[in-house]
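Below is one structure, written out as structure tokens, with a few remarks after it.
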Amino acid sequence: MQVLPKGFRHIPNFLDFPAQKALVETIRSIVEQAPLYRPEMPTNGKPFSVRMTNCGQLGWVSDQKGGYRYQDTHPKTDLPWPAMPNELLKIWDEISGIEYQPEACLINFYDQSAKMGLHQDKDEADFSYPVVSISLGDDGLLRVGGTSRKEKTESIWLNSGDVVVMGGDARLAYHGVDRIRFRSSRLLPKGGRVNLTLRVVT
Ligand code: SIN
Ligand code: MN
């Protein structure tokens, strides 16, 4: 039997449909100011299949020249990231119970064929803070393993409105998204999956 790492929490349907709809509208207005773009792999400059943007004081970016990092401006517009909306701070408060607020929200958009390879979130300064991740739109198949790449992995489907917390021993768990179930949700009229990850960075 496989067991998800300790500190990994999956909260199905944390947001009901009206709350998901409202959050999509908020994300839409953020994307209007800070457009989705394709980051590049640090090693070979290959573009990600997932498109990304951010909100909050800091945003996670990646390109061949600078590698994985956080910065306070959008790499294409050079403008500061839009502010973190209150809706997201509220979710962070409820889920994490941590007084300190997240500085970054990475917004990932998966179209029909997008996926994300197995990786650890380790560009932050202090791993005692959890990562809180919110899924919207089409179902995504999340693969979760241990803290070394060699360990066995387990896969779970994340549906619209689900929240995942990676804290404690799971904070540095390897994870990735193998595929989405295109058009499995009616939240986004054109289909696709949005994932929001809230993180304390500094
Ligand atoms: C991520 O690791 O940045 C995204 C995970 C997900 O899309 O569920
Ligand atoms: Mn990640």
Side-chain angles (χ1 to χ4, degrees), residues 4-5 7-15 20 23-24 27 31 36-42 47-56 58-62 67-70 81 88 91-92 95 102-127 129-149 151 153-182 184-185 187-188 191-201:
L4 289 165
F8 181 94
R9 275 164 71 203
H10 175 205
I11 309 161
N13 217 28
F14 182 78
L15 300 175
Q20 295 170 37
L23 192 48
V24 167
I27 299 304
V31 169
L36 290 164
Y37 74 99
R38 253 176 238 286
E40 301 165 353
M41 293 296 289
F48 283 40
S49 60
V50 177
R51 288 188 289 149
M52 298 183 181
T53 188
N54 292 269
C55 61
L58 291 169
W60 187 88
V61 300
S62 175
Y68 297 159
R69 64 193 185 278
Y70 283 91
W81 302 106
L88 292 180
I91 295 171
W92 170 269
I95 296 276
E103 295 150 298
C105 174
L106 174 65
I107 301 169
N108 291 321
F109 180 75
Y110 297 75
D111 64 14
Q112 188 160 8
S113 57
K115 52 188 174 207
M116 190 179 288
L118 209 61
H119 67 278
Q120 292 172 294
D121 286 8
K122 55 176 186 188
D123 302 312
E124 301 75 29
D126 186 342
F127 303 133
Y129 294 107
V131 172
V132 172
S133 143
I134 305 158
S135 293
L136 295 168
D138 291 338
D139 306 343
L141 187 59
L142 180 76
R143 182 191 289 268
V144 191
T147 50
S148 105
R149 198 178 271 284
E151 282 172 63
T153 61
E154 187 169 334
S155 293
I156 55 168
W157 281 102
L158 298 180
N159 306 324
S160 196
D162 289 7
V163 170
V164 160
V165 186
M166 297 203 302
D169 289 350
R171 176 60 182 78
L172 288 173
Y174 273 89
H175 59 282
V177 176
D178 289 338
R179 61 193 161 92
I180 73 162
R181 223 156 20 199
F182 191 60
S184 50
S185 157
L187 187 70
L188 305 174
R193 172 174 185 262
V194 173
N195 175 262
L196 310 171
T197 13
L198 300 168
R199 302 192 187 101
V200 173
V201 177

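Counting convention: from 1, in listed order, for ligands and their atoms alike.
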Chi angles and distances behind the salt bridge (Lys or Arg N to Asp or Glu O under 4.0 Å) call for R181, D139: CA-CA 5 Å; R181 223 156 20 199; D139 306 343; 3.1 Å; yes

Side chains of V131 and L198: closer than 4.5 Å at any heavy-atom pair? no

What count do you get for protein N/O/S atoms less than 2.8 Å from the Mn ion (ligand 2)? 3

Going by atom types alone, do [X] and [Y] pair a side-chain donor with an acceptor below 3.5 Å?
X: Y70; Y: E124; result: yes
X: R69; Y: S62; result: no
X: W60; Y: D123; result: yes

Do the charged groups of D121 and R199 touch, with an N to O distance under 4.0 Å? yes

Taking 4.0 angstrom as the limit, do R143 and D178 come out as a salt bridge? yes

Please list, one pair per line, the donor and acceptor atoms closer than 3.5 Å that link side chains of residues 105-112 to other protein atoms, with sequence neighbours excluded.
{"unit_1": "D111", "atom_1": "OD1", "unit_2": "S113", "atom_2": "N", "d": "3.2"}
{"unit_1": "D111", "atom_1": "OD1", "unit_2": "A114", "atom_2": "N", "d": "3.2"}

Which protein residues come within less than 4.0 angstrom of ligand 1, counting heavy atoms only? N108, Y110, M116, H119, H175, V177, R193, N195, R199

With sequence neighbours excluded, tell me which residues meet ring-ring contact (aromatic ring centres under 6.0 Å, His included) with F127. none

